[in-house]
Amino acid sequence: MTVRTRVAPSPTGDPHVGTAYIALFNYAFAKKHGGEFILRVEDTDQARSSKESEMAIYESLSWLGLQWDEGPDCGGEYGPYRQSERSDIYSQYAQQLIDQGHAFYCFATSEELDEMRKQQMAAGEQPKYDGRGLKHSAEEIQQRLAAGDPYVIRMKIPEEGSFSFEDYLRGQVEIPWAQVDMQVLMKADGLPTYFLANVVDDHLMGITHVFRGEEWLNSAPKLLKLYQDLGWEAPVLGHMPLLRNPDKSKLSKRKNPTSVNYYRKMGFLPEALLNYLGRMGWSMPDEREKFSLADMIENFDMKRVSLGGPVFDVEKLKWLNGLWMREELSDEQLAQRIIDWAYNRETLMKILPQAKSRLEVFSDLAPLAGHFVSGIPEYDPSELSNGKVEEEKVRVLLQFMIWQLEGLSDWNKDNIFAIAKHISEHLELKIRDALEPIFVAITGKKSSISVVDAMEILGSDMTRARLRVALAHIGVSKKQAKSLDKAYRTFG
């Protein structure tokens, strides 16, 4: 048997270090056993998926040195490797599950389901689907299908007992069926949910081992039951520990930069970041801290993964990155890496059109455009609220900008400006005044080249990281955070 593992990210945002972490361990396991590593793009969420995000996934994994054997860009025997291109495949298996009595049609509207959950919560019950679709007669189902009533397809779940399985990392795991919902398999738009698409794709692509984050542990019964219902042998399943912030909370962009591209633009070496991810819950037999991907594969044993939540500490990563620069790179190699990182022709060609009108001598460029090749700019935090916008509105402005930019898939200055203008109008501010604190947050200065152009050039990950630092300078109490969240829900 050829070992085949995969990583299956959704192209709905910046490439996450958590995705890289899961990809690394699946890659190392496959290569240790002489197997194959597959990249599959799970883009069934058409509203949020984007080509830009898909390209960012390719670039980030390639930059780290995790090269896949099969994928959307390079093809392979089991393609296509985008779920959006496999819709017909999922439909036939959904129908098979219905025909065999393992799934059913549900015609409940979203309003009905919301009311159902409200009643359950009022009664002190755990909100979950109540099986109402199972009460329809065959005649009623046919009538509603013939009438074109919208529906989803759900899987049947036992009402009693529990499900047990052998987890590769955790041993025997048992989960009561009472904790498992009747999962939607096919949505009203005809596209599959993660669960059906994941099972069908892994089976048809010959995936032998699936190592994924522990947040999916409670969904394992649904996943493995689908294999049983379809009459297929399930892959070996293992649940990796989640990456944690230094305070032991789940790694999140609100407390730590989580985009691979952020670390790339900050000037980290890919070897060092990959090395650090490899130390998240795993260690070399000789306990050395610095090791290459080849070293990791040679010594890899998935059973050595510790289930305690590994802490992703940026300061520790910086220390390891410094070791790599000093111990692995000659002066010539380091010089070339720095040029490739930020002082290359492509980067300069983006900056110069904005800076050229302000240049009189070459040395003007560094103070004028230094923020393009720096990490997080340093400035007096009081400058954020020293303009014409009071501190409370600066807080709202920064938070709304962060949240709005998180949902921006097409990153360009026109879209960025439109968001800034919309927020400024909502706050009854002139756009010029609203951009002042954003200017400081992005550049660390009160004047430079256009801040919107700067945000476009810096990219989404670095832009949002700088805005989050500025928001932290202003400060957000728990009470203010609740108020901001409530206000944002009414923001149109």
Side-chain angles (χ1 to χ4, degrees), residues 253-254 257 262 265 350-351 353-359 364-408 411-488 490-492:
K253 56 192 171 189
R254 293 194 178 187
Y262 167 83
K265 291 190 176 184
K350 291 178 182 177
I351 297 171
Q354 311 300 327
K356 192 174 180 181
S357 63
R358 298 169 181 249
L359 293 178
D364 289 340
L365 184 62
L368 182 64
H371 54 276
F372 286 108
V373 292
S374 62
I376 303 298
E378 294 186 6
Y379 51 86
D380 183 345
S382 66
E383 291 183 1
L384 291 164
S385 51
N386 275 349
K388 296 181 179 180
V389 184
E390 61 188 50
E391 184 177 283
E392 182 52 39
K393 282 197 173 182
V394 172
R395 183 179 289 111
V396 177
L397 173 68
L398 291 172
Q399 183 63 87
F400 279 27
M401 281 294 294
I402 292 167
W403 285 338
Q404 284 282 291
L405 293 175
E406 282 174 354
L408 182 59
W411 190 265
N412 63 62
K413 63 182 182 181
D414 291 336
N415 288 340
I416 296 167
F417 182 78
I419 286 173
K421 194 169 190 305
H422 183 39
I423 295 172
S424 65
E425 289 172 351
H426 177 75
L427 296 176
E428 298 181 345
L429 298 172
K430 293 180 179 178
I431 182 63
R432 188 174 187 175
D433 296 338
L435 286 175
E436 282 187 11
I438 295 173
F439 212 117
V440 174
I442 297 300
T443 70
K445 308 166 191 165
K446 289 202 168 183
S447 65
S448 183
I449 66 175
S450 162
V451 68
V452 177
D453 285 292
M455 293 164 78
E456 180 184 55
I457 294 168
L458 284 167
S460 62
D461 32 44
M462 183 59 78
T463 292
R464 294 201 311 271
R466 293 184 182 187
L467 290 173
R468 281 194 288 269
V469 168
L471 185 61
H473 284 323
I474 292 288
V476 182
S477 67
K478 288 185 178 181
K479 184 177 180 180
Q480 288 167 334
K482 287 183 179 179
S483 176
L484 285 166
D485 186 59
K486 184 178 180 180
Y488 188 69
T490 63
F491 173 67

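Positions are given from 1 along the sequence.
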The ring pair (Phe, Tyr, Trp, His ring centres under 6.0 Å) partner of His422 among Phe491, Phe400, Phe417 is Phe491
All heavy atoms of Val394 vs all of Pro437, minimum pair found to be CG1-CB, 4.0 Å
Validation row: Arg468, Leu471 side chains within 4.5 angstrom (heavy atoms) = no
For Ile351 and Ala369, the nearest pair of non-hydrogen atoms, with its separation, is CG2-CB, 3.7 Å
dist Lys421:NZ -> Leu435:CG (nearest 0.5 Å) comes out at 11.0 Å
Leu384 and Ala470 have their tightest heavy-atom pair at CD1-O, 3.6 Å
Taken to the nearest 0.5 Å, the spacing of His426 NE2 from Thr490 OG1 works out to 5.5 Å
#### Entry: Gln399/Gln480 under side chain to side chain contact (heavy atoms under 4.5 Å, CB included): CA gap, chis, key distance, verdict
CA-CA 11 Å; Gln399 183 63 87; Gln480 288 167 334; over 6 Å; no
Rounding to 0.5 Å, atoms NZ (Lys265) and CG (Asp461) come to a distance of 5.0 Å
- Task: For the pair Arg466 (side chain) and Ile442 (backbone), establish whether a donor and an acceptor sit closer than 3.5 Å, ignoring hydrogens and angles.
- Result: yes
When rounded to the nearest 0.5 Å, the distance separating CZ of Arg395 from OG of Ser385 is 9.0 Å
Interatomic distance, CH2@Trp411 vs OG1@Thr463, rounded to 0.5 Å, equals 4.5 Å
In terms of heavy-atom contacts, Gly375 and Pro377 come closest through O-CD, 3.6 Å
Separation between CD (Glu378) and NE2 (His371), nearest 0.5 Å, reads 15.5 Å
Side chains of Val452 and Glu456 in contact at under 4.5 Å (non-hydrogen atoms): no
Requested in this report: Give a yes or no answer on whether the side chain of Lys393 reaches the backbone of Leu427 with a donor-acceptor pair at less than 3.5 Å.
Outcome: yes
**OP:** Could you tell me whether a side-chain N or O of Lys388 sits under 3.5 Å from a main-chain N or O of Glu436, the two making a donor and an acceptor?
**Re:** no
Here the pair of heavy atoms bringing Arg358 nearest to Asp364 is O-OD2, 4.2 Å
Heavy-atom nearest pair, Ala441 first then Tyr379, reads CA-OH, 3.9 Å
